[in-house]
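Starting off with a structure, shown below.
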Amino acid sequence: MQHDVEIRMLAKKTTPAELVVTCLVIAVAIALVLVNTCVDARAETKPLPAEVISQNLMQSRAVEAVIWAMPAVNLDLMLQAMISSTKGKPNQILYWSRLPDWKNQTLTPNPDVIYLMPFIDTKDAGPMVLEIPPADDGVINGTIMDAWQVPLEDVGPAGVDKGKGGKYLIMPPGSQDHPPEGYIVLPSQTYRGYALLRSILNSGNDADISKAVAYAKRIKIYPLSQAANPPSTIFVDAIDVVFDAAIPYDLRFFQSLDRVVQAEPWLARDKLMIDMLKSLGIEKGKPFAPDNRTRDMLVSAAGQARVYLGQRYEGMFKPYFSTSRWALPAMPDYLKASQDGFSDAENYPVESRGLAFTFAFFTPKHLGQGQSYLMTLKDGNGRTLDGGKTYRLKVPANAPVSQYWSATVYDRQTHTLIRNMTRAGRSSQSPGLEKNPDGSVDIWFGPKAPRIGSSNWVPTVPKQKFEVLFRFYGPQKPLFDKSWVLPDLERVDEQ
């Protein structure tokens, strides 16, 4: 019907000869469309060669392996950085003896706290004791996790010991031992694990930093078998080394994954991956030695996984407040599943878990009790944060924290601290922080220090995207009922 109308309209404007030519052109065009459609249909039904199908399958499996393995590889990379950069070993405590700077290349670390990481391995040592001191001269905030960074329990005032201190006993997989009384027993499904512990500062001055370090060194780790006469705990300082644990989207990812497979038992929920990884050359008890073709495929798959997870990352930020773009940097389905030990037989959020560990490490057992987080990638107008521009964040007065707040900048590409920067953020405890008369604080982000407020400035790098993580330590009710609102970053270099 439509073609008839078009032809009648053309007839009013053209001679009979021109009309005939036009109709022929239309007929030929329709015929070509039909021919091409038939050709495409035949092409779609033509089977692919078996070799191509096999290559596509391997590539797909490798991408899925990256997503699935992300939390375990994330942890292994930190352990390997400890071994290679500090010469430390499992069942010792990695720590930073001062506030960390950009050399701490873990994922979105906090530069305003004293970090401690006891790396635990029960394979040969048996059950391990981690002693947390009572919250008297200081406060420890943190979580003990297994090799998949599934939380076993929180520690400190926000944890199970409620600030009284305690002896946490990490049990190896399948242990039938009956530990003596007086321990907080934590059965683990893996041999390896770690604790992310933070010694909280009273202020950012040198004296309080030293005090927080001294308090942290009251933490102990030792085998239960030596509990009657515990050996001295070894603390390994990472303050002056480049501690690089960023996710490598290349062959190194699969080399790390192979270390995990060799070291840990298979969990029932993951047995589907045994054959999938075997087809990629990763098999328990055998060396990982891919040929050149397989290496190229694995590197390509790692890159594809990075692109996919990057797209998911862009879409995960749902505004926490109705009037600004700050969002909880968390995947609710993953947090729920991990906090109950993946006990729901109908739910296993592998993709959300993989995404979470592309930009962070650590899973709390009870989110929001010891600390809470908000993150933003964009300014108030929805534009990606650009290291060549200048922004202002006005932190309203009476921030809802019992300890402190902080705003930290990270490299958007790697989610690590920006390399070679003199500072990574500002906090309510930063020495020299300037407040406005109404109690609010203006934090400046940009490539150059502002004329006024340079002590509140956080440097960025031109031509490099960045993101900002805002931390609340000891979060209080006004954050959760949203009666206190954190506004967007405001771009000011265009005013």
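All values below were derived from every heavy atom in this structure, side-chain atoms included, with hydrogens, water molecules and symmetry-related copies excluded.
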query = If we ignore angles and hydrogens, is there a donor and acceptor under 3.5 Å between the side chains of D146 and S188?
reply =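 Side-chain D/A pair, D146 to S188: absent.
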request  = Please examine the side chains of V113 and I200, heavy atoms only from C-beta on, and report whether any two atoms are closer than 4.5 Å.
outcome  = yes
request  = Using atom types as modelled and distance alone, determine if a side-chain donor or acceptor of K318 lies under 3.5 Å from a backbone N or O of G315.
outcome  =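 Yes: the side chain of K318 pairs with the backbone of G315.
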remark   = side-chain contact (heavy atoms from CB on, under 4.5 Å) test vs M70 passes for just one of V350, L355, T358, L257, namely T358
inquiry  = A side-chain contact here means heavy atoms from C-beta on lying under 4.5 Å apart; do S256 and N74 qualify?
reply    = no
key: Lys/Arg N to Asp/Glu carboxylate O, R192 vs D76, below 4.0 Å   = yes
ask   = Got a salt bridge between E153 and K365, using NZ or NE/NH1/NH2 to carboxylate O under 4.0 Å?
value =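 So E153 does not pair with K365 through a salt bridge.
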key: NZ or CZ of R306 within 45° of F253 ring axis and under 6.0 Å   = no
ask   = Does the T460 side chain pair with the main chain of G387, one donor and one acceptor, at a distance under 3.5 Å?
value = yes
request  = Start with the C-alpha distance between Y222 and V129, add both sets of side-chain angles, then the distance that settles side-chain contact (heavy atoms from CB on, under 4.5 Å), and finish with yes or no.
outcome  = CA-CA 5 Å; Y222 53 86; V129 180; 3.5 Å; yes
inquiry  = Can you confirm whether F361 sits close enough to T108 that some side-chain heavy atom of one is under 4.5 Å from a side-chain heavy atom of the other?
reply    = no
task = State the CG-CZ distance between N110 and R198, to the nearest 0.5 angstrom.
result =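 Interatomic distance, N110 CG to R198 CZ, rounded to 0.5 Å: 7.5 Å.
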message = How close do L152 and P187 get, counting heavy atoms only, and between which atoms?
response =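 Shortest heavy-atom separation between L152 and P187 comes out as CD2-O, 3.8 Å.
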key: Ion pair R98/D240, N-O distance below 4.0 Å   = yes
ask   = Side chains of M82 and M117: closer than 4.5 Å at any heavy-atom pair?
value = no
message = Just so I know, are the side chains of I144 and P118 near enough to count as touching, which here means a heavy-atom distance under 4.5 Å?
response = no
Close side-chain approach of I140 and Y215, heavy atoms under 4.5 Å =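 They are in contact (side-chain heavy atoms under 4.5 Å apart), so the answer is yes.
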query = Could K394 and D438 be called an ion pair, given the rule that one side-chain N must be under 4.0 Å from one carboxylate O?
reply = no
Ring pair (Phe, Tyr, Trp, His ring centres under 6.0 Å) pairs, two or more places apart, involving residues 93-119 = Y95-F235, W96-F243, F119-Y194
note = Heavy atoms of R423 and S454 approach each other most closely as NH1-O, 3.4 Å
Return all side-chain donor-acceptor pairs below 3.5 angstrom for residues 328-336, not counting sequence neighbours, or 'none' if the list is empty.
residue : atom : partner : partner atom : Å
D333    : OD1  : S352    : OG           : 3.0
D333    : OD2  : S352    : OG           : 2.9
Y334    : OH   : T363    : OG1          : 2.8

ask   = Can you list every ring pair (Phe, Tyr, Trp, His ring centres under 6.0 Å) pair that touches residues 415-448, not counting sequence neighbours?
value = Y313-H415
ask   = For M171 and P127, which heavy atoms make the closest approach, and how far apart are they?
value =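 Answer, listing the atom of M171 first, then P127: SD-CB, 3.8 Å.
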message = Please report the interatomic distance CG(L309) to CZ(R312), rounded to the nearest 0.5 Å.
response =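 Going from CG on L309 over to CZ on R312, the span is 7.5 Å.
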query = Could you go step by step and tell me if T143 and L196 meet the side-chain contact (heavy atoms from CB on, under 4.5 Å) rule?
reply = CA-CA 6 Å; T143 304; L196 179 64; 5.8 Å; no
message = Rounded to the nearest 0.5 Å, what separates atom CE in M273 from atom CD in E64?
response =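 Those atoms lie 7.5 Å apart.
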ask   = Hey, does Y391 have a side-chain heavy atom less than 4.5 Å from the side chain of D386?
value =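 They are in side-chain contact.
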query = Can you find a heavy atom in the side chain of Y410 that is under 4.5 Å from one in the side chain of L417?
reply = yes
message = Would you compute the distance between atom CG of L433 and atom CG of N456 and round it to the nearest 0.5 angstrom?
response = 4.5 Å
message = Check this for me: does any side-chain nitrogen of one of R491 and D379 sit under 4.0 Å from a carboxylate oxygen of the other?
response =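 No.
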query = When you look at L374 and F321, which way does the side-chain contact (heavy atoms from CB on, under 4.5 Å) test go after all the steps?
reply = CA-CA 10 Å; L374 292 174; F321 305 108; 3.6 Å; yes
query = Hey, which of W484, F472, F470, Y373 is the one that makes ring-ring contact (aromatic ring centres under 6.0 Å, His included) with W405?
reply =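 Single ring-ring contact (aromatic ring centres under 6.0 Å, His included) partner of W405 among W484, F472, F470, Y373: F470.
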request  = Give me the one residue out of D442, V395, V441 that meets side-chain contact (heavy atoms from CB on, under 4.5 Å) with N436.
outcome  = D442
message = Distance check, rounded to the nearest 0.5 Å: L280 atom CG versus D258 atom CG?
response = 11.0 Å
message = Test your reading of the model: is there a side-chain donor-acceptor pair from S324 to the backbone of L486, 3.5 Å cut-off?
response =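 It does hold such a pair.
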message = Could you walk me through whether F317 and M375 satisfy the side-chain contact (heavy atoms from CB on, under 4.5 Å) test, starting with their C-alpha distance in whole Å, then the side-chain angles of each, then the deciding distance to 0.1 Å, before giving a yes or no?
response = CA-CA 8 Å; F317 289 91; M375 180 175 269; 3.6 Å; yes
query = W148 and ring-ring contact (aromatic ring centres under 6.0 Å, His included): which partner among W68, W266, F342, Y348?
reply = W68
